[in-house]
Amino acid sequence: MSLLAVTDVRKHFDGVRAVDGVSFALAPGEFAALIGPNGAGKSTLFGVLAGQHRASSGRVLFDGHGIDGWAPARLARAGIGRTFQSALAWGTLTVRENLQLALAAHAGGIANAWTPLGLLHGERADALLARVGLAAMADRAAADLPYPDTKRLELAIALAGSPRLLLMDEPTAGMAAAERFALMDLVRDLVHESAAERPLTVLFTEHSMEVVFGYAQRVLVMARGKLIADGAPDAVRRDPAAQAAYFGDVEEEA
């Protein structure tokens with residue numbers, strides 16, 4: 001059974017067909033990239049999956065349940081995590097406190113407003129920080145983190161809800177090559193580690209072709225609102241429609 005099933009999804013804005021009849025499905029444990037040139041519709045489709053937009057028509061199923069129109073908070077409770085192109089964190093809180101706040105939110109909020117944040121979910125927060133390589137920075141203000149570490153913190157926050165599907169929007173934007181690879185190595189390890197018990201499925205958008213073809217097990221290509229290629233990386237790279245729409249220019253830039 002598919003974990004995520006997208007069927008004939010369309011999203012129109014004032015007559016513009018930003019997403020025009022896209023269908024695909026992701027199985028538990030897949031690690032897939034969604035790419036395309038500017039204006040292809042991938043950001044809009046990503047927004048539909050993440051609860052930022054409601055589809056004009058079509059269906060989006062997660063674990064067999066229709067989720068189109070669900071708010072991001074409801075999607076998070078259902079098991080869909082999300083990271084953003086620009087990393088988000090509470091800069092005035094420490095790294096640990098950011099994660100404790102996320103864990104408290106996923107656990108149903110802070111039952112007692114007078115309970116110090118430092119007493120909530122401390123062990124779980126420290127375990128997640130260790131997993132993403134931030135244990136040594138737990139007591140630093142999030143605002144003082146280098147940008148790559150802020151992205152790691154954002155990943156830990158997304159993992160706080162124990163998601164089954166992780167949507168990552170341009171996860172390596174603004175990073176140097178070594179930083180990009182280190183972050184994606186971490187994500188790939190998380191996917192592999194989860195495979196035996198509770199598979200983590202990842203769908204990410206990305207402009208770096210080194211990242212896409214170095215990490216994705218499957219590549220979906222959009223152009224002009226439509227899905228024009230979908231398959232294993234080598235097959236998609238050779239696909240004439242994908243080459244014409246995207247790869248020629250982008251591979252020269254990567």
Side-chain angles (χ1 to χ4, degrees), residues 1-12 17-36 40-85 106 154-155 157-171 184 187-206 211-212 215-223 225-233 235-236 242:
M1 180 178 178
S2 299
L3 180 67
L4 178 71
V6 177
T7 304
D8 198 26
V9 165
R10 302 171 191 271
K11 179 61 180 176
H12 302 166
R17 298 179 179 182
V19 178
D20 191 14
V22 169
S23 299
F24 66 91
L26 294 178
E30 282 202 84
F31 192 2
L34 175 66
I35 65 173
K42 61 185 185 299
S43 295
T44 300
L45 177 60
F46 214 70
V48 169
L49 301 180
Q52 294 173 298
H53 305 306
R54 183 163 194 158
S56 301
S57 62
R59 297 198 72 192
V60 180
L61 301 180
F62 176 70
D63 198 22
H65 302 285
I67 61 169
D68 187 44
W70 287 18
R74 187 179 180 187
L75 293 174
R77 290 193 297 271
I80 299 178
R82 170 80 191 273
T83 69
F84 296 83
Q85 182 173 348
H106 283 290
E154 186 190 33
L155 175 59
I157 290 171
L159 295 173
S162 300
R164 297 173 61 197
L165 172 63
L166 180 60
L167 303 173
M168 305 185 74
D169 189 7
E170 298 286 348
M184 296 307 290
V187 176
R188 181 172 59 188
D189 289 347
L190 289 168
V191 172
H192 289 168
E193 290 168 7
S194 72
E197 297 182 1
R198 195 171 187 267
L200 175 64
T201 302
V202 175
L203 179 65
F204 67 97
T205 65
E206 183 59 57
V211 169
V212 170
Y215 292 90
Q217 299 167 332
R218 176 180 171 190
V219 179
L220 300 91
V221 186
M222 288 186 67
K226 297 181 180 295
L227 190 64
I228 62 169
D230 176 6
V236 169

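Predicted model only: the values in this text are computed from it and were never measured.
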What distance do [X] atom [atom1] and [Y] atom [atom2] have between them, rounded to the nearest 0.5 Å?
| X | Y | atom1 | atom2 | value |
| --- | --- | --- | --- | --- |
| L190 | L200 | CG | CG | 7.0 Å |
| L227 | L45 | CG | CG | 8.5 Å |
| L159 | L166 | CG | CG | 6.5 Å |
| L220 | D230 | CG | CG | 4.0 Å |

With a 3.5 Å cut-off and sequence neighbours excluded, list the donor-acceptor pairs that the side chains of residues 25-34 form with protein atoms.
{"from": "E30", "atom 1": "OE1", "to": "R218", "atom 2": "NH1", "distance (Å)": "3.4"}
{"from": "E30", "atom 1": "OE2", "to": "A27", "atom 2": "N", "distance (Å)": "2.8"}
{"from": "E30", "atom 1": "OE2", "to": "R218", "atom 2": "NH1", "distance (Å)": "3.0"}

Taking salt bridge (charged side-chain N to carboxylate O under 4.0 Å, His left out) as the cut-off, I'd like each qualifying pair that reaches into residues 2-11, sequence neighbours left out, listed once. D8-R10, R10-D20

Suppose we screen for side chain to side chain donor-acceptor pair (under 3.5 Å). Which residues come up paired with R17, at least two apart in sequence or across chains? none

Can you list everything that forms a side chain to side chain donor-acceptor pair (under 3.5 Å) with T205? Sequence neighbours excluded, please.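 Side chain to side chain donor-acceptor pair (under 3.5 Å) check on T205 returns D169.
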
Which atom pair, heavy atoms only, marks the closest approach of [X] to [Y]?
| X | Y | value |
| --- | --- | --- |
| K42 | G36 | NZ-O, 2.9 Å |
| A78 | W70 | CB-CZ3, 3.8 Å |
| L203 | F24 | CD2-CZ, 4.4 Å |
| F204 | V211 | CE1-CG1, 4.0 Å |
| V19 | V9 | CG1-O, 3.3 Å |
| A158 | T83 | CB-CG2, 3.9 Å |

E206 and Y215: side chain to side chain contact (heavy atoms under 4.5 Å, CB included), yes or no, with the steps? CA-CA 11 Å; E206 183 59 57; Y215 292 90; over 6 Å; no

Taking only residues two or more places apart in sequence, or in another chain, which ones meet A229 in a side-chain contact (heavy atoms from CB on, under 4.5 Å)?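 For A229 the side-chain contact (heavy atoms from CB on, under 4.5 Å) partners, ignoring immediate neighbours, are V221, V236, D239, A242.
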
Show me the pairs that pass side-chain hydrogen bond (donor to acceptor under 3.5 Å, both in side chains) and involve residues 51-69, at least two apart or across chains. Q52-R82, D63-R164

Decide yes or no on side chain to side chain contact (heavy atoms under 4.5 Å, CB included) for T201 and L4, but give the supporting numbers first. CA-CA 9 Å; T201 302; L4 178 71; over 6 Å; no

